[in-house]
Amino acid sequence: MSRKYDFTAIEKKWQSYWDEHHTFKVGEDYSKPKFYALVEFPYPSGQGLHIGHPRPYTAMDIVSRKRRLEGYNVLFPMGWDAFGLPTENYAIKNKIHPALVTEKNVQHFKDQLKMLGLSFDWDREINTTDPDYYKWTQWIFLQMFKKGLAYKKEMAVNWCTSCKVVLANEEVVGGCCERCGGEVVRKVKSQWMLKITEYAQRLLDDLSEVNYLDKIKLTQKNWIGRSTGAEVDFTSTLGDKLTVYTTRPDTLFGATYMVIAPEHPLIEKWADKLENMDDIKAYQEMAARKSDFDRTEMNKDKTGVELKGVRAINPVNGREIPIFISDYVLMTYGTGAIMAVPAHDTRDYEFAKVFNLPIIEVVKGGDIEKEAFTDCATGIMTNSGFLDGLSVEEAKVKIKEWLTENGKGHEKVNYKLRDWVFSRQRYWGEPIPIVYCEKCGYVGLPESELPLTLPDVESYMPTDNGESPLSTLDSFINTTCPHCGGPAKRETDTMPQWAGSSWYFLRYCDPHNKDAVASKEALDYWMPVDWYNGGMEHTTLHLLYSRFWHKFLYDIGVVSQKEPYMKRTSHGMILGEDGQKMSKSRGNVINPDEVVKEYGADTLRLYEMFIGDFEKTAPWSPSSIKGCKRFLDRVWSLQDSVIDGDEYREAFTPSFHKTIKKVSEDIESLKFNTAIAAMMALVNDIYADGKINKAEYRTLLILLNPFAPHMTEEAFELMGFGILNEQPWPKYDEALCVEDSVEIVVQVNGRIKTKMSIAVDSDKEKVLEMALGDPKVKEAVDGKSVVKQIYVPNKLVNFVVK
RNA sequence: GCGGGUGUGGUGAAAUUGGCAGACACGCAAGAUUUAGGUUCUUGUGCCGUAAGGUGUGCAGGUUCAAGUCCUGUCACCCGCACCA
């Protein structure tokens, strides 16, 4: 009788073994084939590990463990994305230094991750808040500054009234702060910006070189938002050039008015010539007061004010049209001015209806009495002078030619992507390594002065005027200009949390390097990341930002690949039992510690992989986890039924080869749930037989090992098989996956009449004859004529009768 | 509004190229072992029907010998974006 499956003792034993033997320490043998598996490093929050964390970690752990047995040199690292607001807020509230809070949280997280038996190489652990790490975050920023990609700009930013911090557009959700839910308003501040827009086209083009899920590529594409159109130069009756951007230059003859953004600089210039300046000012103020969210809320009814005293002249036909300001036109996109073609644009149509403006049809096919005809790719031009009779596509080409020839405009590509607001008025982030000198302007710190470490301050509270807590620290601020040696002031803003995570995958390649981001040798060997799995919520920003940084580092010769990640997949969230997102307020939070205590880490791992399609969200089910525990118990108990045998028994040969194939392939395609199901089915067959031989048990334990590493190691050792982790991954033979006979279905007119067992790959004639001999088939065919006979080899027979 | 996704038993879910719908698991029912069981083992389990049989993948059509899968229309829910000219 085997010992009881004491998972607590077994898991503790093997975790210590792995620790002591540095089992998962990455080899330095750069001649071996490599595999770099990456999971998103967590933010070490005070709550500890969430039940959702193990899902992606276990998934990539399974892939990594399999790859090791397959002979690869596997890099599977872990670290901490530890700068950020919750830690800072906790520090403020409890008057503890954020570094101490971070240290405590990291320790807790690490203990929890170890408890799960994840095969991370802990010798390569990194932490974004470690000065040895953020030295290089600052270094990369400096290189960008040198190349003109980091610049300072006065701009209206999203201001969280509660966190008192500037947020990126991406961090504003529904007009509220993504983190705290506080109100977000617009505020003009001088900010550090990163010129990601300069990389827009390459970020788009190089998507063709990587293996991301289609939906991930699509989000990247949509976020970059490339559109092709034309800039058209109108002139005002006051003599200014008034350039608009349009994707529909073909509809130029249908422009019946122009709209410019309320912030448009020409308004200031025209001020003394405008007859209704009071109305205009009032509208501008109203628009400025609104946050972006409010502006969006208002979008049912178009509002605006006509600029009285000035009109725009359409270059193509000399027609004078009125100019309006309206907040539906954004200063930040295109030229901040549009030509309005109400007949063929929904927004212009709505606006024209409100202000009773003319609507001229220039593409035939719609009913412009009812609505704007926008979906008119196949339409024919009308009321458009020399464009009449052309298709929309032809007209686009012809009008662009006309504009270029006549010096009235040109083709133009625009992107929705904006430059990245990189400043945060916070303490717990990387200091920006820049000083301001009255004489020299903004000057980067010499690299020898990096890292610029965070000074200790009394209070981490942001100041009321929205400046960083660092701004209260004279000893930090006052310095000398590295350029002229005169007095200068340090930048007091810090970097956003995205900074540290934009290059962390490079640091893992060579985490202790003092002289570089990582050695060239290590980078050339390990990069690119072979497989990166993370949450869908990071597929827009983190992915885009880190691709951008990586491309920049490629440009300055730090890395040798254009793209950082060869493959990117995403996992679904684990929801509460009620199908809702887990949260304290809903009271549906599951604590991984308790699950491990009750069922063991192996069961938790197995269950999180078995719960459903890896890419989809899945509700937690406390009763289903029992099935996984039961399965592990059954595999464990097989120790009592082991008989001798160096090869699979004949009756089980196809089952084992098929299962090896299924598990091997399913792991690669993230179908962990069906891989587990296949192993369960195999174990059920073995139970039905009552016995398992040594060769079979050995294979079963290795197959299950990536999923349940502790139990399988222990059973392996107890069986005298050695150390499982040192064995090769089992092989299968395609030819041996096939059974001798197969059951096929016999249908008449598509209805199942019977099933019969035939030899694999029997010939058609024989099978048809056999099928016709079946009494049920005979009865159904009797008195009718067979018009057609269909035979799908090894699957089914279908007689079509009349 | 735009983009993406999902809809299959009492529950979580499976289902290469169209080819036995419901694998695997939970739950439930019956039985066996056990002093006991939130243990273990065996059997059964989509729905209607005693059965033969019928019926069944959100809904309505279509293509096909054959549709969860392909096509057309439609409904519901979830996620992302939100006036990007």
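Per chain, numbering begins at 1; letters A, B, ... match sequence-line order.
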inquiry  = Just to be sure I understand the rule, does Leu796(A) reach a base, reach only the sugar-phosphate, or reach nothing, if contact means heavy atoms closer than 4.0 Å?
reply    = base

ask   = Any donor-acceptor pair under 3.5 Å linking the side chain of Glu608(A) with the backbone of Arg55(A)?
value = yes

query = Within the side chain of Ser326(A), is there an N or O that forms a donor-acceptor pair under 3.5 Å with the backbone of Thr303(A)?
reply = yes

query = Distance-only, no hydrogens or angles: does the Thr251(A) side chain make a donor-acceptor pair with backbone N or O of Gly254(A) under 3.5 Å?
reply = no

ask   = Do any N or O atoms from the side chain of Asp666(A) and from the backbone of Phe672(A) form a donor-acceptor pair under 3.5 angstrom?
value = no

message = What contact category does Gln747(A) fall into here, base, sugar-phosphate, or nothing, at under 4.0 angstrom with non-hydrogen atoms?
response = base

request  = Find which nucleotide of RNA chain B each of Tyr415(A) and Lys755(A) is nearest to by heavy atoms, and output the residue with the more 5' nucleotide.
outcome  = Lys755(A)

request  = Would you classify Arg751(A) as touching base, sugar-phosphate or nothing, given that sugar-phosphate means primed atoms plus P, OP1 and OP2, and contacts are heavy atoms under 4.0 Å?
outcome  = sugar-phosphate

task = Would you mind checking if Lys671(A) and Glu665(A) are paired as a salt bridge, meaning a charged N to carboxylate O distance below 4.0 Å?
result = no

query = So does Lys795(A) reach the base of C20(B) with its side chain, donor to acceptor, closer than 3.5 Å?
reply = no

ask   = How does protein reach along nucleotides 25-46 of chain B, written 5' to 3' as B (base within reach of a heavy atom under 4.0 Å), S (only sugar-phosphate), or - (no contact)?
value = SSS------------SS-----

inquiry  = Need one value for Asn673(A): base, sugar-phosphate or nothing, where a base atom within 4.0 Å counts as base even if backbone is also close, heavy atoms only.
reply    = sugar-phosphate

query = Leu213(A) has an atom CG; how far is it from atom P of G80(B), in whole Å?
reply = 18 Å

message = Does Ser227(A) reach a base, just sugar-phosphate, or nothing at all? Heavy atoms under 4.0 Å.
response = sugar-phosphate

message = For a quick check of understanding: with a heavy-atom distance under 4.0 Å over all strands, which category does Leu218(A) fall into, base, sugar-phosphate or nothing?
response = sugar-phosphate

inquiry  = Salt bridge or not between Asp6(A) and Lys4(A)? Use side-chain N to carboxylate O under 4.0 Å.
reply    = no

